[in-house]
Amino acid sequence: MVAPTRVDYPQLEEGVQRWWDEHDILNRYLHRNDGSEKRWSFIDGPMTANNPMGVHHAWGRTYKDLWQRFNTMRGYRQRYQNGWDCQGLHVEVEVEKDLGFRNKHDIEAYGVGAFVEKCKERVLHFADVATHQSIRLGEWMDWSDSYYTMSNENNYTIWGFLKKCWQEGWIYKGHDVMPWCPRCGTGISDMEINEGRKKVTHTSVYVRFPLVGRLHEYLLVWTTTPWTLPANVAAAVNPALTYAKVEQDGNVYYLSSDVVPKLKKLRGREHGEAKVVATLPGSELLGWRYTGPYDELPAWNNTHTEHRVVAWDEVSAAEGTGIVHIAPGCGREDYGLAKEDDLAILAPVDENGVYVDGYDWLTGMQVADVARPIFDDLKEKRLFYQTESYEHVYPHCWRCKTELIFRLVEEWFIAMGSLDAPGDNPRKRLVRIVEDPAMTWIPGFGRERELDWLRNMEDWMISKKRYWGLALPIFVCPKCDAFEVIGSEDELRERAVAGWEEFAGHTPHRPWVDAVKIRCAACGEVASRIPDVGNPWLDAGIVPFSTLHYRHNRAYWRDWFPADFITESFPGQFRNWFYSLLVMAAVLEDTAPFKTVLGHATLIDEFGEEFHKSKGNSIPFDEAAAVVGADTMRWLYAGAAPEQNLRFPRIPTESEAAELRAVGQPPRLNEKWMEARAALDKLWNVYSFFVTYANIDDFDPTTRALPVSERTDLDRWVLSELQETMLMVEAGLVTFNAQRGAGAISAFVENLSNWYVRRSRRRFWKSEEDADKVAAYLTLYECLVTLAKLLAPFTPFLAESLYQNLVRSVDMAAPESVHLCDWPVADSALISPQLRDETALVLRLVNLGRAAREKAQIRVRQPLAVLYARVHTDAERESLTRLGEQVLEELNVKRLELLPLESDMLRYTLQPRMHVLGPKHGKLLPKVLAALRSGDMQAKARTLADTGRLPLDVEGQEVVLTPDEVEVEASAQEGYTATEERGYVVALDTTITPALLAEGLARDLTRLVQDVRKRAGLAVEDTIDTWLLTDAELAEVARTHSAYIKDETLTRELTVTALDANGQTGVSVPPAEGYTEVVPAAKLGGHEVVVTVRKR
RNA sequence: GGGCCUGUAGCUCAGUUGGCUAGAGCGCAGUCCUGAUAAGACUGAGGUCCCCCGUUCGAGCCGGGGCAGGCCCA
């Protein structure tokens, strides 16, 4: 067995990984439970294979691996399948960047087929990169069996899903207004829009709309996007706002009352004085007709409708005129309003932002170029009022910085239906599934979040006008406009009337699948697939079907569906993965796709910022692993509260780490990391301690045995704690609470290190090998081996290292790896509540004793004669007669005396127990308390102690209190060196006799020699000869206590030489080859001493 | 505007069904202990438990109303 005192985690992990690889441990782990009756189904949410993995991905992956490992050790058969998310715009964007493309034309010119192949290549590359990074994390998956959402099976299973939706009548073609880059010719998603907002100044314009039937009366409207005026169909007012009727230059304007002052500023030279002649509520304007600014255009004339004033609650007077120009084809809110109020919709521009036919002189012009011509045109038509510079934050394309426009596009949707509607629909199914308490959400608020989304979400827009993605299997007939959905590759082949040969042998992607034509079932015309690709969440949502062979092996699917467990980062997933999983399971089987979902919050950097590639603060996982180690990160993640954002501490830079490595040191981490890893470091210390002495003693645990019943209280206590820890870790993990599990392990390591090992050190370093020593070895060994197994799911590398060194080095019959071991099961017979309580009592008294020493300013090395203790119960007094020795040893006191009740060191106070008295006395309670607290407390305490009852006079009535209602608490009388806590009192006799003083000096001296030994570079077990040169007084002490000093310092021969009053020595001269230190007088109670040690 | 969550020590957070003098870790100051320890122990400084109102003998906790922050949806 070998264990350095300091551990270099990254180095250790590299070694363990190499060993795993050499011994094919992963494979044996994957097949360990092949024959098991029990199965546990985990489904991996696919990670985007578009970039290397950052440390923020490792949080969730730690959870995934942790529960798989835990359940493997518990004997559950599993699939261990990892997944990669492959299709979508984010991949296209990266490939476009790589190729230097700027827009869709570049892609078309390059060739869609070649471009799609590039996307595939990129995905395969980064799946490979992330696989290696995940292995570095210690994540154990069947890496040869990862699923890819771009696979044929995944895509065709979605086709089946879409066909089912279509058969139910839930697929439809709809329209939506979305942000659009006229240069790139593509829609911009909500995620993308957030990256491109910029502050800009536009020339806004005030326009007057002439009211029909009210001569010279106008609505005054305002817009920052003049190019949308030709698409105007309505004007919106807030019915709750007050509007003013203003007279100016012989005309009448309507606008929000709040804006009137602004009008005076605006009027400029062209307009005269404005006068408010009346006010009226917005509701009165509703339904008024007006003449639109571009009614002369054919596009408007084709609508066969009129412009009118409509109501919109969102209209405010904060900007503009309180009357909003509505162009439903050019604005999201406008479009929403149009649907509500059944307004006409004009879509004036094409995908390049150019006016389409029907807009007369505008047709063929770019939106970016029309502001000035439109102002001129309005002036000519006498509709122009004024322009105004307006600064605001406006969305831009995050790739090419072009200002976005809002544009009506045709998209495909899955209808969600309404909860109020009659009959069946997806929304009803989804809500029912998520409301079912059989589904567990951790943290619990997740369910409400998801339900909120499900109740309020719009229909699911599944189409995107791009290239790399699911080919939506929707075929539209050019003649009769009927559409149908093809549900599988077989169906496509059967229906194909053209292009099949061209497609055969390709993946179902653009452009190859586009070649296939079918015959319209309704009219017999040849129909083509729509060019759109699918929303990538379809790809991820189908996974519980596609990867479980839903189409071809229903028995297998039934075996693994639904998932027992999924875990992902909460933010976003409510409307992404969780949502798509739910929709697909609801549509296909009307059932839940998973039983338990664990969500975690966001990993943030040391400054509280989210990790983001574009911010430049992303930390590649393997870089961090090389410095802090994978186990350290895993421990940080496992110990974190999943519902709270987790701060990732700063890691040393490459150069800092390299500097230390150059001198053979592991990278030094900051306090935050040290704190996060404290339990692991502490465990390593204990382990290193054990190995040190086991080596010295040549201790072999396989050849020794000693029944637990024959071991000491201390041993049985720590074994009891160990069993309880096992129960707690298991209880935590079974309920998907890793924090609880990690916390239990940390707490145990703390107890093991700070009490068990601290109290047991002497048992290990004493020279004779008796039953007590064997007991100590066996007990500590048991603790360490069990900890290795408990830690295996959390920190697989460290656990393996401990296990190999502790177990495999002595027992070749044991499982070859800790990850092939069974999960340790607690032996409840070893749990002793009595020992737990007794040890807690000892610890309490020790702490009180240390505090008392602090108060008396007497260091622990100075022995004292008597410690007085006051405890509560007879049982506690009895315990102390057995365990008092531990208290005395720890506190360096000779004798323990229990204080009698009547001791004059104590005084008593009466503590009312509110939760008993409160319900009993209610409103009378304040008076009862007053009566209790008045008068002689000591006498009352005595009465209660003697008679078991305490009568009180409360407003002439007798109220009797009993011991379970009032607690008698002892505290120390003033003037004693005593400390107390909740009625436990510890007092010290601070008299230091000359004998005690000498003994204290001897201990100081011993400690000094130990320090010298250490600095001399001696090994722990080296025996030495020691020379001391000092004054007569200390020399005398050293001679008196020589046996003690020799024993403690492994000194065989101790030579003490006293200086006489003149500083002259006697005879003995220390050898020149020894190691000598002069210890100044200040360090040893005023005695200077020269210490020499020499290895024998 | 709607939903969910959060507000307690300098920082990060606990705080059980309402009950005595509100806790922990880190950090800070001091003392101690240590041949396992980059460890540990003790003491100290540090709080309007976001604010207001209510219920109650009693509110950090329950109810109402605000304020501030986060996430999501409009």
Side-chain angles (χ1 to χ4, degrees), chain A residues 3 5-7 190 313-314 332-333 336 443-453 455-458 570-575 601-602 608 640-641 643-647 666 668-669 671-678 681-693 746 749-750 753-755 757-758 760-761 764-765 843 846-855 857-862 890-892 909-929 966-967 969 979 982 1006-1007 1009-1015 1018-1022 1048-1050:
Chain A
T5 42
R6 274 174 66 178
V7 54
D190 289 339
D313 294 342
E314 298 294 309
R332 276 192 151 168
E333 293 81 4
F445 64 78
R447 187 198 308 276
E448 275 313 306
R449 277 270 183 98
E450 188 66 45
L451 281 171
D452 178 53
W453 164 254
R455 286 176 183 132
N456 299 308
M457 68 194 170
E458 306 281 315
F570 253 12
Q573 299 304 342
F574 293 104
R575 63 196 167 91
T602 306
E643 68 274 21
Q644 284 161 10
N645 287 349
L646 175 59
R647 214 172 268 245
R668 196 171 182 94
L669 304 177
E671 315 84 54
K672 292 270 185 332
W673 278 113
M674 294 311 295
E675 190 190 338
R677 199 170 65 190
D681 286 337
K682 220 174 279 185
L683 170 62
W684 187 271
N685 289 334
V686 172
Y687 163 71
S688 162
F689 171 85
F690 174 86
V691 170
T692 302
Y693 287 97
S746 292
V749 170
E750 187 95 23
S753 173
N754 288 350
W755 192 246
V757 172
R758 182 183 168 84
S760 298
R761 276 178 301 186
F764 289 94
W765 72 42
L843 283 170
V846 165
N847 280 346
L848 285 171
R850 281 200 267 252
R853 272 184 173 277
E854 164 91 12
K855 213 165 160 185
Q857 288 291 296
I858 300 173
R859 66 195 194 285
V860 174
R861 252 180 263 133
Q862 174 60 59
E890 191 65 22
L891 290 173
N892 197 16
T909 48
L910 294 168
Q911 291 294 345
R913 300 177 73 178
M914 302 304 288
H915 51 280
V916 182
L917 289 170
K920 188 168 171 183
H921 297 291
K923 287 189 187 200
L924 201 60
L925 188 62
K927 289 174 177 132
V928 175
L929 291 179
V966 182
E967 206 163 336
E969 280 213 351
T979 51
R982 302 202 175 267
T1006 304
R1007 165 100 188 92
V1009 176
Q1010 299 284 41
D1011 266 356
V1012 172
R1013 265 190 73 121
K1014 214 181 206 173
R1015 281 193 291 269
L1018 293 164
V1020 180
E1021 69 274 21
D1022 288 341
E1048 290 288 310
T1049 59
L1050 295 185

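This structure is a prediction, so every number in the text was calculated from the model and none was measured. In what follows, chains carry the letters A, B, and so on, assigned in the order in which the sequence lines appear, proteins first and then strands, with residues in each chain numbered from 1.
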*Asks:* When you measure only distances, ignoring hydrogens and angles, does the side chain of A:R859 come within 3.5 Å of the base of B:rC33 through a donor and an acceptor?
*Replies:* no
*Asks:* Can you identify which nucleotide, out of B:rC33, B:rA36, B:rA38, has its nearest atom closest to the A:R861 side chain?
*Replies:* B:rC33
*Asks:* Please state how far atom CH2 in A:W453 lies from atom P in B:rC4, giving the value in whole angstrom units.
*Replies:* 17 Å
*Asks:* Pick the P atom in B:rG69 and in B:rA24, then give their distance to the nearest Å.
*Replies:* 32 Å
*Asks:* Using the C1' atom as the point on both nucleotides, what is the distance between B:rU8 and B:rC51, in whole Å?
*Replies:* 15 Å
*Asks:* Heavy atoms from C-beta onward define the side chain here; which of B:rG25, B:rG35, B:rU37 lies closest to that of A:L1018?
*Replies:* B:rG35
*Asks:* With rounding to whole Å, what would you report as the distance between B:rG63 and B:rA14 at their C1' atoms?
*Replies:* 25 Å
*Asks:* Could you work out the separation of B:rC4 and B:rG47 based on their C1' atoms and round it to a whole Å?
*Replies:* 29 Å
*Asks:* Which one, B:rG35, B:rC72, B:rU31, comes nearest to the side chain of A:E854?
*Replies:* B:rU31
*Asks:* Looking across every strand, which nucleic acid part, if any, lies under 4.0 Å from A:F570 by heavy atom: base, sugar-phosphate, or nothing?
*Replies:* nothing
*Asks:* Side chains of A:Y693 and A:V1020, heavy atoms from C-beta outward: is any pair under 4.5 Å?
*Replies:* yes
*Asks:* Can you tell me the Watson-Crick or wobble partner of B:rG30, both distances under 3.5 angstrom?
*Replies:* B:rC42
*Asks:* Specify the separation, in whole Å, of atom CD of A:E675 and atom C1' of B:rC28.
*Replies:* 15 Å
*Asks:* Heavy atoms from C-beta onward define the side chain here; which of B:rG40, B:rC33, B:rC42 lies closest to that of A:R758?
*Replies:* B:rC33
*Asks:* A:F445 versus A:E643: any side-chain heavy-atom pair under 4.5 Å?
*Replies:* yes
*Asks:* Rounded off to whole Å, could you give me the CG-to-C1' distance for the A:L646 and B:rU6 pair?
*Replies:* 17 Å
*Asks:* Within a strict 4.5 Å, meaning less than it, do heavy atoms of the A:R1013 and A:D1022 side chains meet?
*Replies:* yes
*Asks:* Under 4.0 Å between a side-chain N/O of A:Y687 and OP1 or OP2 of B:rA36, yes or no?
*Replies:* no
*Asks:* Heavy-atom nearest nucleotide on RNA chain B for A:F445 versus A:A1019: which residue maps closer to 5'?
*Replies:* A:F445
*Asks:* Please give, in whole Å, the distance from B:rG3 P to A:E448 CD?
*Replies:* 11 Å
*Asks:* Which nucleotide in the list B:rA36, B:rC13, B:rC33 gets nearest to the side chain of A:Q644?
*Replies:* B:rC13
*Asks:* Given B:rA36, B:rG3, B:rG40, identify the nucleotide with an atom nearest to the side chain of A:D452.
*Replies:* B:rG3
*Asks:* Does any nucleotide pair with B:rG63 by Watson-Crick or G-U wobble geometry, both distances under 3.5 Å, and what is it?
*Replies:* B:rC53
*Asks:* Side-chain N or O of A:N847 versus OP1/OP2 of B:rC42: is the shortest distance under 4.0 Å?
*Replies:* yes
*Asks:* With rounding to whole Å, what would you report as the distance between B:rC5 and B:rU34 at their C1' atoms?
*Replies:* 46 Å
*Asks:* Taking the six-membered ring for Trp, are A:F689 and A:F764 parallel (under 30°), tilted (30 to 60°) or perpendicular (over 60°)?
*Replies:* perpendicular
*Asks:* Ignoring hydrogens and angles, does a donor from either the side chain of A:R850 or the base of B:rC42 sit under 3.5 Å from an acceptor on the other?
*Replies:* no
*Asks:* Please report, rounded to the nearest Å, how far the C1' atom of B:rC13 is from the CD atom of A:E643.
*Replies:* 11 Å
*Asks:* Looking across every strand, which nucleic acid part, if any, lies under 4.0 Å from A:K682 by heavy atom: base, sugar-phosphate, or nothing?
*Replies:* sugar-phosphate
*Asks:* Among B:rG35, B:rC26, B:rC4, which nucleotide has an atom closest to any side-chain atom of A:R449?
*Replies:* B:rC4
*Asks:* Working to the nearest 0.5 angstrom, can you tell me the gap between A:K1014 NZ and A:Q1010 CD?
*Replies:* 9.0 Å
*Asks:* Between A:F574 and A:S753, which has a closest nucleotide on RNA chain B that is more 5'?
*Replies:* A:S753
*Asks:* C1' atom, B:rC73 versus B:rC28: distance in rounded Å?
*Replies:* 45 Å
*Asks:* Strictly below 4.0 Å: does A:R1007 bring a side-chain N or O up to OP1 or OP2 of B:rG35?
*Replies:* yes
*Asks:* Specify the separation, in whole Å, of atom CG of A:N754 and atom C1' of B:rC42.
*Replies:* 14 Å
*Asks:* When we call it a touch if two heavy atoms are under 4.0 Å apart, what does A:V1020 touch: a base, just sugar-phosphate, or nothing?
*Replies:* base
*Asks:* My understanding is that a pair needs two contacts under 3.5 Å, Watson-Crick or G-U wobble. By that rule, which nucleotide pairs with B:rC20?
*Replies:* none
*Asks:* Can you measure A:R853 atom CZ to B:rG30 atom C1' for me and round it to whole angstrom units?
*Replies:* 18 Å
*Asks:* Would a distance-only check, ignoring hydrogens and angles, find a side-chain to backbone donor-acceptor pair under 3.5 Å from A:R853 to A:Q862?
*Replies:* yes
*Asks:* Could you state the atom-to-atom distance from CD of A:Q1010 to C1' of B:rG35 in whole Å?
*Replies:* 5 Å
*Asks:* Could you measure between the two C1' atoms, the one in B:rU31 and the one in B:rC13, and give it in whole Å?
*Replies:* 28 Å
*Asks:* Counting side-chain heavy atoms from CB outward, which of B:rA38, B:rU31, B:rC4 is closest to A:M674?
*Replies:* B:rA38
*Asks:* Using the P atom as the point on both nucleotides, what is the distance between B:rA9 and B:rG15, in whole Å?
*Replies:* 15 Å
*Asks:* Is any side-chain heavy atom of A:E890 closer than 4.5 Å to a side-chain heavy atom of A:W755?
*Replies:* yes
*Asks:* Is B:rG1 paired to anything, Watson-Crick or G-U wobble with both distances less than 3.5 Å, and if yes, which nucleotide?
*Replies:* B:rC73
*Asks:* Closest approach to the side chain of A:R761, judged atom by atom: which nucleotide of B:rA41, B:rC72, B:rU37 is it?
*Replies:* B:rU37
*Asks:* Which nucleotide in the list B:rC33, B:rA36, B:rC42 gets nearest to the side chain of A:A851?
*Replies:* B:rC42
*Asks:* For the side chain of A:N892 and the backbone of A:V860, is there at least one donor-acceptor N/O pair under 3.5 Å apart?
*Replies:* yes
